[in-house]
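Below, chain A is the first sequence line, B the second, and so on; all start at residue 1.
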2 protein chains.
Amino acid sequence: MPVKNRLRVLRAEREWSQQDLAERLEVSRQSVNAIETGKYDPSLPLAFRIADVFDLAIEEIFLRDAG
Amino acid sequence: MPVKNRLRVLRAEREWSQQDLAERLEVSRQSVNAIETGKYDPSLPLAFRIADVFDLAIEEIFLRDAG
DNA sequence: GATTTATGTAAAGGAAGCTATACATGAGCG
DNA sequence: CGCTCATGTATAGCTTCCTTTACATAAATC
């Protein structure tokens, strides 16, 4: 039921560290790391903020997991 | 920071009760009611399931709130 | 070798999402 | 009136999200 995401790739394309992204999202670095490593999914409001900073649709970043 | 949603309208268009929608989403009726009445936002996985049952994109159902 | 940067991870605690159970109201219908 | 259905609300409890603080490792730089 969890959701896969392309955060690591999108971040690499922009050469942002986890810290950089965390600051843009106004969350802790640990939250960014946890989302990237699949420990948990972001909340919907955070998913929207992530979509905003990457200027993409939520569906372009987060993908329904097979299962 | 919360997110607005068009659940009530979409549900009305399909003539689904909160109970009907809850069953399609496999969540409790209270969860559907709480989301509709703005008590809280759905998790991202649930937002995806909602998008699926309405056959819409997340952005077509949930809207960034002004603020 | 010492320092900095990026990343992973852990523990404890608070906030938010979700559950089951329950009760209340109003609308519609016999 | 009595019954059913749809909706709103409440409480308690569990799980998930997110925080702060902290420590560990590897790579890069000096």
- Query: Do the charged groups of B:Arg29 and B:Glu23 touch, with an N to O distance under 4.0 Å?
  - Reply: no

- Can you tell me if the side-chain N/O atoms of A:Asn33 get under 4.0 Å from OP1 or OP2 in C:dG8? yes

- Message: At less than 4.0 Å, is any side-chain N or O atom of B:Ser31 found next to OP1 or OP2 of C:dG17? Yes or no.
- Response: no

- Message: Side-chain N or O of B:Ser43 versus OP1/OP2 of D:dC17: is the shortest distance under 4.0 Å?
- Response: no

- Inter-residue atom distance A:Glu60.CD - B:Glu59.CD, 0.5 Å rounding: 8.5 Å

- Item | Residue-phosphate contact under 4.0 Å: A:Arg11 side-chain N/O, C:dT7 OP1/OP2 | yes

- For the side chain of B:Arg29, starting at C-beta, report the closest nucleotide among D:dC18, C:dA20, D:dT7. D:dT7

- Do any side-chain nitrogens or oxygens of B:Gln18 fall under 4.0 Å of OP1 or OP2 in D:dG8? yes

- Message: So does B:Val27 get a backbone contact from the side chain of B:Ser31, meaning a donor-acceptor N/O pair under 3.5 Å?
- Response: no

- Does A:Lys39 put a side-chain nitrogen or oxygen below 4.0 Å from OP1 or OP2 of D:dC17? no

- What integer distance in Å separates B:Ile35:CD1 from C:dA16:C1'? 12 Å

- Item | Rounded interatomic separation in angstrom, taking CG from A:Leu21 and P from C:dA6 | 13 Å

- Do the side-chain N or O atoms of B:Arg8 get closer than 4.0 angstrom to the phosphate oxygens (OP1, OP2) of D:dG8? yes

- For B:Ser17, report the nucleic acid contact type (base, sugar-phosphate, nothing); a contact means any heavy atom under 4.0 Å. sugar-phosphate

- Message: Over all strands shown, is B:Gln19 touching base, sugar-phosphate only, or nothing at heavy-atom distances under 4.0 angstrom?
- Response: nothing

- Query: Reckon B:Ser28 has a side-chain N or O less than 4.0 Å from the OP1 or OP2 of C:dT19?
  - Reply: yes

- Query: Should we say atom CD of A:Glu15 is surrounded by more than 12 heavy atoms from elsewhere, each under 6.0 Å from it?
  - Reply: no

- Identify whether the distance between the nearest side-chain nitrogen and carboxylate oxygen of A:Arg14 and A:Asp20 falls below 4.0 Å. no

- Of all the choices, D:dG8, C:dG8, D:dC18, which nucleotide is nearest to the side chain of A:Thr37 once you look at every atom? C:dG8

- Task: Using atom CG of B:Asp20 as one end and atom C1' of D:dT7 as the other, report the distance to the nearest whole Å.
- Result: 13 Å

- Note on the structure: Atom CD of B:Gln30 and atom C1' of D:dA12 are separated, to the nearest Å, by 13 Å

- Rounded to the nearest angstrom, tell me the gap between atom OH in A:Tyr40 and atom P in C:dT9. 13 Å

- Message: Measure CD/A:Glu26 against P/D:dT19 and give the value in whole Å, please.
- Response: 10 Å

- Item | d(CD, A:Glu23; P, C:dT5) in whole Å | 13 Å

- Query: What is the distance from CG of B:Leu25 to C1' of C:dT19, rounded to the nearest Å?
  - Reply: 15 Å

